[in-house]
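Because the structure is predicted, anything quoted here is derived from the model rather than measured.
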Amino acid sequence: MIEDYRKARKIGLRQVQQDVAAGRYPYPTALSDFLRDRGYQGEVPVGVIDIDMSLIAGTRTHGRQNSFSRGFMPLLEDDSEFASKWSSLIDSQREEGLRDPIIVYEYLQRFYVQEGNKRVSVMRYLDMPSITASVTRMLPMPSDTKEYRIYQEFLRFYRVCPIYGIVFSEEGSYERLAVFAHRDLENPWPDEAVTDLRAAFESFAAAFARRDGGSLGITAGDAFLSYLKIYGYELAICGSPTEIADRLSRMWGELRVSASQEPIAYLETPPEQPSKGKLIADLKGLYKKAVPPKSLRVAFIYERSPQTSGWAAAHEKGRLELERSFGGMVETTVFSDCKSDEAFDRAVDAAVADRSDLIVTNVPTQMTQALRAAMKYPKLKVLNCSVSLSHSAVRTFSAKTYEVKFLLGALAASLSDNHRIGYVADSPVYGTVAGINAFAIGAQMVDPHVTVYLKWYAAKDYDWRRELAETDVRIVCARDVPNPVDPDESWGLYLVEYDGTEVHLGEPVLQWGRFYQRIVQSIRDDSWRREGDELRDKALNYWWGLTSGVLDVRLSPVVPVRQRNLVEVFRQSMLNGQIHPFTDELKSQTGIVQPHGSGRLPSSQIARMSWLNENIVGRLPEERELSERALDEVSVSGVIPLDPTVAAQREASR
């Protein structure tokens, strides 16, 4: 019908005006223009397939290019032969469908029309999702670019799972997709698996487009990987289009955060805390007014048990202090040994059935599980103990242990008689490197000639004790908390006497009870909600240090009084802002990080440090050197890269 043509032409003219006003080329892109500068190495016939209309980017050559807007809407007058043919095509489509395939060339997962421009225009006008096309692939020239590497990975994917349209912006994404599907990029996928994935992605991409997902700056493929990570592959691909759209709606905040240039807001100062007497009175007043009366319930879900993990034991101590501090106004439950998804999900369901208001998870490797719980129960408040993980539905928390490591570094250097001290780090995850560097900088401020020998608990088949002894290192900074399984194991800062006797010198003090008290109070006085409203598109990370009262340093009585005074001077200087380990000139093993006179590094750079201070002997471990446990941790929040296949396998196994 000519009336359809007139409507389509109005849309096209409007698109041209908008593009011209925005300084964009208003007509379909010609592939020949790309290839003139880039070239290509050959053509490969793909065959006749249905292609996604959204992936048609332009025309093969200029031809009748100016007859269409950039969105393939017609532009010629409605009394032209072109208009007549266009109108006949739309009538045919409505009566019997367009049977002949168009002819297109594919280049970097975008299609360019050689024959069938008017058919594409009609299908675009009718908002059809796909069109049948005879496809020829044009292989790009080899190059050392991210775009080329991603496309090579796509070609591997297409050979085993022939689906166009799942476009990613990061390397390793097709590997991750295959692992999520319990497949690989070497062996052909069963037809049923290909069909299920295509249907699920098409439903997801349609819902993503309806919400204007392109405005986030990520592809539908990128968002789809987040969807699979949260909901799991089996559940994710089995949903109806309505169910998939509902799940996407629930996770939309996660996508907004992940697409942000600065996704994390570091909340480094706790809200003002009322006096204990006033706090209890306020809570009792709230309790009396509640209908029905209800105390606040908090569930703690530990990956390991306090009997086998010093880290879990420290948080368990904080949980008990939280209960005592509120005199029955806060009730807590604990679930231990919840490493598996099944155990974790059972704990969450039990906590929700018990009307819990808040769930606390205490290690970064629980983040995916915590995120899944937050998606399933949107009204549930969820915390995860980690640094710099960007999720809006799960708030994170940690202590600035690097501040205490700075103090312990100063103490270690003051006690060393040979300018040598050691540091044994856990895993190369966010926050760990800041602690290493702060220790080295604190030592350097006391002794400019000191050397810090760095070792790793995370390395497998590795005798760090022997190596430190052979280097004549006798003052060592080790784990932050004691090991309940082996109470005699060294921890904190300690001295190795010449006869091998170990003398404990000091350690960080992590007051998790105080932290939990302040979080509970923020929920009670509505600070929690206000922070979320003010920072709606941010992931919130409570990262508190010495000034908050949740972190401090404790020295052993054996430390000489002058060294104790030295540490206290440094401590007070940090509290009043006169000293900070990451201000002024900073030098790494390879050169200047920031010059003299610079201010404090931003929190995001401190949390994600991957450089080591100039006086450190050692390096970050490589993937092949890490233990199984360390690989799990690094795949979640690591500062070193993992092979995409390894990272995907770790991610999918959680």
Report task. State yes or no: are the ring centers of F397 and W512 separated by less than 6.0 Å? Result ->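 Centroid distance F397-W512: below 6.0 Å, so yes.
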Query - Between F406 and F439, ring centroids under 6.0 Å - result: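 No: the rings miss the under 6.0 Å criterion.
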Could you work out, with ring-ring contact (aromatic ring centres under 6.0 Å, His included) as the rule, every residue matching [X], not counting sequence neighbours?
X    : answer
Y302 : none
W456 : none
W528 : none

Enumerate the salt bridge (Lys or Arg N to Asp or Glu O under 4.0 Å) contacts for [range], please, sequence neighbours excluded, ordered by first and then second residue.
range            : answer
residues 383-401 : E268-K400, R395-E531
residues 418-444 : D426-R479
residues 492-513 : R465-E502, E507-R554

Query raised in the report: Of the non-hydrogen atoms in I421 and A443, which two are nearest, and what is the gap between them?
Result: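 Minimum heavy-atom contact is CD1-CB, 3.6 Å.
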Applying side-chain contact (heavy atoms from CB on, under 4.5 Å), name anything that partners [X], two or more places apart in sequence or on another chain.
X    : value
K587 : E585, I592, E614
Q563 : L411, S414, L415, V559, P560
S427 : V429, A458, A630, E633
R624 : E622

Query raised in the report: For D486, what residues pass the salt bridge (charged side-chain N to carboxylate O under 4.0 Å, His left out) criterion, not counting sequence neighbours?
Result: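 Counting only residues at least two positions away or on another chain, D486 forms no salt bridge (charged side-chain N to carboxylate O under 4.0 Å, His left out).
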Query raised in the report: Is the side chain of S556 donor-acceptor paired with the backbone N or O of G506 at a distance under 3.5 Å, no angle test?
Result: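 Not at all, since once roles are kept as given, no pair shorter than 3.5 Å links the two residues.
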**Report entry** Partner residues of D463 under the side chain to side chain donor-acceptor pair (under 3.5 Å) criterion, sequence neighbours left out
**Finding:**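 Here no residue qualifies.
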Report task. Assess whether atom CZ of R562 is packed by more than 12 heavy atoms of other residues, nucleotides or ligands within 6.0 Å. Result ->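 Open.
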